[in-house]
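Okay, structure first, notes after.
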Amino acid sequence: MRLSRFFLPILRDDPKEAEIVSHRLMLRAGLVRQASAGIYSWLPLGFRVLKKIEQIVREEQDRAGAIELLMPTIQSADLWRESGRYDDYGQEMLRISDRHDRDMLYGPTNEELITEIFRNAVRSYRDLPRNLYHIQWKFRDEIRPRFGVMRGREFLMKDAYSFDLSVEDAKRSYNKMFVAYLRTFERMGLKSIPMIAETGPIGGDLSHEFIILADTGESAVFCDADLVALDAPSDDIDFDGDLTPVIEQWTAKYAATEDMHDAARFEKEVPENRRLSARGIEVGHIFFFGTKYSEPMKCHVQGADGKLITVQSGSYGIGVSRLVGAIIEASHDEAGIVWPAQVAPFDLGLINLKPGDESTDGACEDLYNKCLGAKLDVLYDDTDERAGAKFKSMDLIGLPWQLIVGPKGLKEGQVELKNRASGDRQSLSPDEAVNALAATAS
RNA sequence: CGGGGCAUAGCGCAGCCUGGUAGCGCACCUGCUUUGGGAGCAGGGGGUCGCAAGUUCGAAUCUUGCUGCCCCGACCA
């Protein structure tokens, strides 16, 4: 993509409404614009990141055996009356009526709808287990939206719902999601720690929050520092095999958010030198809630013995749009965003320091095409800005690599390759630079 | 929803107290000079001063009402 043809409205000054760093950087770097309180438009650069995150979530859900579908944003109130949540959910649910005065709502979550879909379609125990998920916009009318996309009212969420014949089977489904989540966040360059969680209005008695550590995190968290050192399961893990050793490895040690924190237990179970108290951002939440919805909504299947079985369910959320902010909170410096390569909107920025100069333009065009040929996603700054402004902007938007091309270097046959995260620079021939970049991308 | 604050050009702000017909920096446009970490000079464009009433000869400025947004708290992916 040529910057001269892209849409990237960068702000030089901090907008005053943005307090926390991710919100500030998302506005400045042209990722989002606020449409109204807690509701954002995703500009091209931010949209690319959102799509990358969504795709990683999708791939790991699929790997864990979940099946993607898509449910609507607008739901009928009737279903929610059936589960009893129409009244329970309160003002957080945006209620709408249509032209016939029917009660509708903008879905804050989808347990009712998925249960309705499942009960209508499935009659036999042979069709279980299943885990169905979608990635869809939700709306929760928060009393006070804040922190940009981290706590918006409209947000993109992956929510999965499992259906099993027994509590034991359901726990297996839960474990699959547990492992998938560890992998998902690790692939985004994040260290996530599962913590014992409150179940909130969704209900249920087995639940973990997946927290990533960031100084600006919204809640205090306490855990055994050993958990931070653990690696997520590799991509050859067998989701149909026994996952309990992995779960045990991650849940044996103390980890809790402030709501669930037990200081006495913390001090008893964790040696002093491993007691980590930090701040964290919740990016995922998994629940097992058994028959909370299947019972009132009569989601039954017929078992091998001919008797009806009430299905056992869980639900599993990931805040996809929140993750964009969370990643920035976890990965930035004074100059701007530092994208982990896996979610970066482009692989690299190619900076032409002297547009209009024949040799520089020629070298840049050549490099641009070679990068594209090597399947690198490149943002080519071919604009007529001054060098300093280009450097500042490129640092701000935080692409992992900068390929800097100017007449001085070219005289020596060299271009400069800068790593955004470390700041390291090396001078290379143009071909060496492309090869080096292609190697990092593969 | 309680408490606090803000609303003037795309962004950041001054002007308001003490009413007199709107200004600064950055950004933007034109030209010249510059050109490896947010250049200089000159010229230029852009505003129903959040909305509505009221007071007044006259309102960005005073009064009242409304709306929007931000921050702290309680609540949440």
Side-chain angles (χ1 to χ4, degrees), chain A residues 9-20 23-24 27-28 30 33-39 57 89-93 107-110 135-160 181 197-202 207-212 218-219 257 259 280-287 315-326 334-336 351-357 360 381 383-396 402 404-412 414-416 418 423 425 427:
Chain A
I10 281 178
L11 300 176
R12 185 163 168 165
D13 302 310
D14 289 333
K16 72 170 176 179
E17 74 264 22
E19 284 287 304
I20 65 161
H23 191 193
R24 222 163 52 219
L27 291 168
R28 283 197 56 208
R33 285 293 181 267
Q34 179 165 304
S36 65
I39 303 178
V57 170
Y89 222 94
Q91 289 302 302
E92 214 176 71
M93 184 155 70
T109 176
N110 287 66
I135 299 172
Q136 176 65 293
W137 293 92
K138 305 284 190 294
F139 194 93
R140 292 184 192 169
D141 198 0
E142 297 284 341
I143 295 166
R144 188 184 153 212
R146 66 185 109 174
F147 305 149
V149 301
M150 298 252 290
R151 191 175 315 156
R153 293 195 290 171
E154 186 181 60
F155 57 97
L156 187 61
M157 179 175 167
K158 184 284 301 182
D159 41 327
Y181 276 33
E198 276 190 314
T199 52
I202 311 276
S207 175
H208 286 90
E209 285 182 6
F210 285 72
I211 301 284
I212 65 163
E218 53 193 329
S219 52
T257 61
D259 297 337
I281 300 168
E282 181 185 353
V283 290
H285 202 156
I286 60 179
F287 297 90
S315 74
Y316 315 91
I318 291 180
V320 176
S321 51
R322 165 180 283 193
L323 272 164
V324 180
E334 315 73 47
I351 301 179
N352 184 339
L353 287 178
K354 193 165 185 180
D357 177 276
T360 316
D381 187 348
T383 63
D384 201 19
E385 282 296 323
R386 300 172 62 80
K390 292 191 175 194
F391 289 135
K392 293 285 185 193
S393 295
M394 202 55 87
D395 284 350
L396 174 65
Q402 297 173 12
I404 301 161
V405 182
K408 285 184 192 168
L410 283 176
K411 271 188 203 133
E412 318 293 323
Q414 306 277 289
V415 296
E416 195 174 35
K418 176 185 159 185
R425 303 150 179 274
S427 285

Suppose you measure atom C1' in B:C70 against the same atom in B:C29; what distance do you get, rounded to whole Å? 33 Å
Hey, does the side chain of A:Gln91 come within less than 4.0 Å of B:C75's phosphate (OP1/OP2), counting only N and O? no
In chain order, what residues pass the side chain to side chain donor-acceptor pair (under 3.5 Å) check against A:Glu385, with sequence neighbours excluded? none
Any-strand Watson-Crick or G-U partner of B:U30, both distances under 3.5 Å: B:A42
Can you measure A:Glu142 atom CD to B:C1 atom P for me and round it to whole angstrom units? 15 Å
Suppose you measure atom P in B:A39 against the same atom in B:C75; what distance do you get, rounded to whole Å? 48 Å
Checking A:Arg151 now: which residues fulfil side chain to side chain donor-acceptor pair (under 3.5 Å) with it, not counting sequence neighbours? A:Glu218
Between B:A77 (P) and A:Asp141 (CG): distance, integer Å: 15 Å
Between A:Val149 and A:Gly38, which has a closest nucleotide on RNA chain B that is more 5'? A:Gly38
Distance, C1' atom - from B:C51 to B:C76, rounded to whole angstrom: 33 Å
Go ahead and name the base partner of B:A22; Watson-Crick or wobble counts if both distances stay under 3.5 Å, otherwise write none. none
Using the 3.5 Å cut-off, write out each protein N or O paired with an N or O of nucleotides 12-14 of chain B and the distance between them.
| from | atom 1 | to | atom 2 | distance (Å) |
| --- | --- | --- | --- | --- |
| B:G12 | OP1 | A:Lys16 | N | 3.0 |

When rounded to the nearest Å, what value does the distance between P atoms of B:G40 and B:C1 take? 50 Å
Is it the case that A:Asp159 and A:Gln136 place a side-chain donor and acceptor less than 3.5 Å from each other? no
Atom CD1 of A:Ile286 to atom P of B:A77: distance rounded to whole Å? 13 Å
Could you tell me how far apart A:Arg153 (CZ) and B:C76 (P) are, to the nearest whole angstrom? 18 Å
Considering only the P atoms, how many Å lie between B:G44 and B:G23, rounded to the nearest integer? 14 Å
B:C76 base to A:Arg140 side chain: any donor-acceptor pair below 3.5 Å? no
Does B:U35 pair with anything, Watson-Crick or G-U wobble, both distances under 3.5 Å, and if so, with which nucleotide? none
For a quick check, with a 4.0 angstrom heavy-atom cut-off, what is the B/S/- contact string for nucleotides 34-40 of chain B, read 5' to 3'? B-BBBB-
Would you say the side-chain atoms of A:Arg33 pair up with the backbone N or O of A:Leu27, donor to acceptor, closer than 3.5 Å? yes
What does B:U55 pair with, Watson-Crick or G-U, if both distances are under 3.5 Å? none
Residue matched to B:C16 through Watson-Crick or wobble contacts both under 3.5 angstrom: none
Protein-nucleotide distance (A:Phe147, atom CZ; B:C75, atom P), rounded to Å: 14 Å
Please measure how far the C1' atom in B:G25 lies from the corresponding atom in B:U18, and state the result in whole Å. 27 Å
Under a 3.5 Å cut-off for both distances, is B:G2 Watson-Crick or wobble paired, and to whom? B:C72
Polar-atom pairs under 3.5 Å, protein N or O versus N or O of nucleotides 2-5 of chain B: list them with distances, or write none.
none

Of the options B:C75, B:A77, B:C69, whose atoms approach the side-chain atoms of A:Glu282 most closely? B:A77
Partner residues of A:Arg24 under the side chain to side chain donor-acceptor pair (under 3.5 Å) criterion, sequence neighbours left out: none
Inter-nucleotide P distance (B:U63, B:G5), Å rounded: 15 Å
Determine the Euclidean distance between corresponding C1' atoms of B:G4 and B:C11; express it in Å to zero decimal places. 25 Å
For the pair A:Ser207 (side chain) and A:Ile286 (backbone), establish whether a donor and an acceptor sit closer than 3.5 Å, ignoring hydrogens and angles. yes
